[in-house]
Peer 1: 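The structure under discussion is supplied below as structure tokens; questions concerning it will follow.
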There are 2 protein chains.
Amino acid sequence: MLGRRKTKRGIAMHDTRGAQGFGGEALLYLTDEQLRQGIEAMFFAYRGFTADPDRILADQGYGRAHHRAVHFIGRAPGTTVNNLLAILGVTKQSLNRVLRTLIENGLVESRVGTSDKRERHLFLTDRGANLESQLSDAQRARMRAAYREAGPEAVGGFRRVLEAMMDIEMRRAYGKLKEGQQ
Amino acid sequence: MLGRRKTKRGIAMHDTRGAQGFGGEALLYLTDEQLRQGIEAMFFAYRGFTADPDRILADQGYGRAHHRAVHFIGRAPGTTVNNLLAILGVTKQSLNRVLRTLIENGLVESRVGTSDKRERHLFLTDRGANLESQLSDAQRARMRAAYREAGPEAVGGFRRVLEAMMDIEMRRAYGKLKEGQQ
DNA sequence: TTGGAATGTCAACAAGGCTGACATATGCTG
DNA sequence: CAGCATATGTCAGCCTTGTTGACATTCCAA
């Protein structure tokens, strides 16, 4: 179906096969099947990736949207709404709904900008930081376990593929966050 | 904030640092910051991962839920509803809504089981296979590009970390799909 | 002083999760 | 055969989180 079988080679395949090509360029012999497995791995892994935070959030009546906001505010304290909008890639109405509940519930503080008073700078309160660290702890624990299980050499490859999979604009946003933290 | 800085080391860090530990076990020195970057990479990469299919789907009035159904039906033709339910991890009501529109629109065919007539076996029609290959082509193209950019050594690590990040049940489902295709 | 940017908010809508309840076949087992 | 379990479908209603469109406010900058 869909030509998958057509692209299979008649020999035993390993998960990945790399080979040095001609002009010094690294070539990958990637069958459709290998790519499909990568796609499915991404799908299932993302579910695992969000599973722990989802449970914590559900207990407290929040959702993933709240997690994302809390995460990036914790990551870049003082960030503006517009900034957050760009990173999250949602509409301001959508973000605002989430932000409003977080502010009402005392997890996030919104301070009027000092230089430009139109801007709002967002900060986690102690309660917000508390939730953030619960979520982060769970997610980091899973990530750490996965890294350990996959082995030291795997981590670099993992990160490189993920970075290459991002849209260009997101790669910039991601890079900025990385730099901001060291 | 949140103790991130506390865990930083005072020396230059590379993206990953592995070391052979004592009892022969590979140890990873992973700072919170490194783990956080992995988390964010996962977040941004998943966006990229779904971006191309999302555009194609939106054009035709479908969503990600339809994509998932079409993908796994194409992947395991003749699969039962219950089977699909387990893989997708949603309720039957949720799946049914999606499946119903796909059947109505002639993308999926539902055949009564031969041995057990309670079961329905699901297949893509030509139109369904057509959409599936559009979506798959786009997603594989991105995956292939990411693999190429990351280099041959990166691919194995990528896959190993993803597999380790899955929940155990999903790892089994994933394994079955892999085996089913070779 | 005026246009545009940043923000907030209201309303309405859609997708896609969920729960609960119930119906219909069909299979299996005592 | 009777009765329970299983597989599926469906209705209704709810929630979160995305969308668009419209509009108000505040404030910067030319």
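Numbers restart at 1 for each chain; the letters A, B, ... are given by sequence-line order, proteins then strands. Below, each value reflects all heavy atoms present in this structure, side chains not excepted, and no hydrogens, waters or symmetry copies.
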Peer 1: Which heavy atom of B:T79 sits nearest a heavy atom of B:L84, and at what distance?
Peer 2: OG1-N, 4.2 Å
Peer 1: Table please: side-chain donor-acceptor pairs of residues 90-103 of chain A below 3.5 Å, with sequence neighbours left out.
Peer 2:
unit_1: A:T91; atom_1: OG1; unit_2: A:S94; atom_2: N; d: 3.3
unit_1: A:T101; atom_1: OG1; unit_2: A:H66; atom_2: NE2; d: 3.3
unit_1: A:T101; atom_1: OG1; unit_2: A:V98; atom_2: O; d: 3.0

Peer 1: What one-letter contact string describes nucleotides 16-26 of chain C from 5' to 3', where B marks a base within less than 4.0 Å of any protein heavy atom, S marks contact via sugar-phosphate atoms alone, and - marks no contact?
Peer 2: BBBBBB----B
Peer 1: How close or far is atom C1' of D:dT16 from atom CG of A:L99, stated in whole angstroms?
Peer 2: 16 Å
Peer 1: Whole angstrom is fine here: how far is it from CD in B:E119 over to C1' in D:dT6?
Peer 2: 10 Å
Peer 1: Give me the atom names and distance for the closest heavy-atom approach of A:A150 to B:V161.
Peer 2: CB-CG2, 3.6 Å
Peer 1: Take the protein atom CZ of A:R111 and the nucleotide atom P of D:dT26, then report the distance between them rounded to whole Å.
Peer 2: 22 Å
Peer 1: Strictly by side-chain hydrogen bond (donor to acceptor under 3.5 Å, both in side chains), give each pair with a member in residues 113-128 of chain A just once, sequence neighbours left out.
Peer 2: A:D116-A:R118
Peer 1: Return the value, rounded to whole Å, for the distance between atom CG of A:L84 and atom P of C:dA6.
Peer 2: 15 Å
Peer 1: For a quick test of your reading: what N or O donor-acceptor pairs under 3.5 Å do the side chains of residues 38-52 of chain B make, sequence neighbours left out?
Peer 2:
unit_1: B:E40; atom_1: OE1; unit_2: A:R75; atom_2: NE; d: 3.3
unit_1: B:E40; atom_1: OE1; unit_2: A:R75; atom_2: NH2; d: 3.1
unit_1: B:E40; atom_1: OE2; unit_2: A:H71; atom_2: NE2; d: 2.7
unit_1: B:E40; atom_1: OE2; unit_2: A:R75; atom_2: NE; d: 2.7
unit_1: B:R47; atom_1: NH1; unit_2: A:I87; atom_2: O; d: 3.4
unit_1: B:R47; atom_1: NH1; unit_2: A:L88; atom_2: O; d: 3.1
unit_1: B:R47; atom_1: NH2; unit_2: A:I87; atom_2: O; d: 3.4
unit_1: B:T50; atom_1: OG1; unit_2: B:Y46; atom_2: O; d: 3.1
unit_1: B:T50; atom_1: OG1; unit_2: B:R47; atom_2: O; d: 3.2
unit_1: B:T50; atom_1: OG1; unit_2: B:R64; atom_2: NH2; d: 3.1
unit_1: B:D52; atom_1: OD1; unit_2: B:R55; atom_2: NH2; d: 2.7
unit_1: B:D52; atom_1: OD1; unit_2: B:R142; atom_2: NH2; d: 3.1
unit_1: B:D52; atom_1: OD2; unit_2: B:R142; atom_2: NE; d: 3.0
unit_1: B:D52; atom_1: OD2; unit_2: B:R142; atom_2: NH2; d: 3.3

Peer 1: Atom NE2 of B:H67 to atom P of C:dA15: distance rounded to whole Å?
Peer 2: 18 Å
Peer 1: When the distance from CG of B:L85 to C1' of D:dG9 is rounded to whole Å, what number comes out?
Peer 2: 12 Å
Peer 1: Is there a residue in residues 49-60 of chain B whose heavy atoms reach under 4.0 Å of DNA chain C, and which residues are they?
Peer 2: none
Peer 1: Who pairs with B:R172 by salt bridge (charged side-chain N to carboxylate O under 4.0 Å, His left out), at least two apart in sequence or on another chain?
Peer 2: none
Peer 1: Could you pull out all residues at least two apart from B:E109 that satisfy salt bridge (charged side-chain N to carboxylate O under 4.0 Å, His left out)?
Peer 2: B:R111
Peer 1: Tell me whether the side-chain N/O atoms of A:N82 come closer than 4.0 Å to OP1 or OP2 in C:dT7.
Peer 2: yes
Peer 1: What pairs meet the ring-ring contact (aromatic ring centres under 6.0 Å, His included) rule with one or both residues in residues 148-167 of chain A, with sequence neighbours excluded?
Peer 2: A:Y147-A:F158
Peer 1: Take atom CD1 of B:I103 and atom P of D:dG9, then tell me their distance rounded to the nearest Å.
Peer 2: 7 Å
Peer 1: Listed by chain and number, what are the side-chain contact (heavy atoms from CB on, under 4.5 Å) partners of B:D137, not counting sequence neighbours?
Peer 2: B:R140
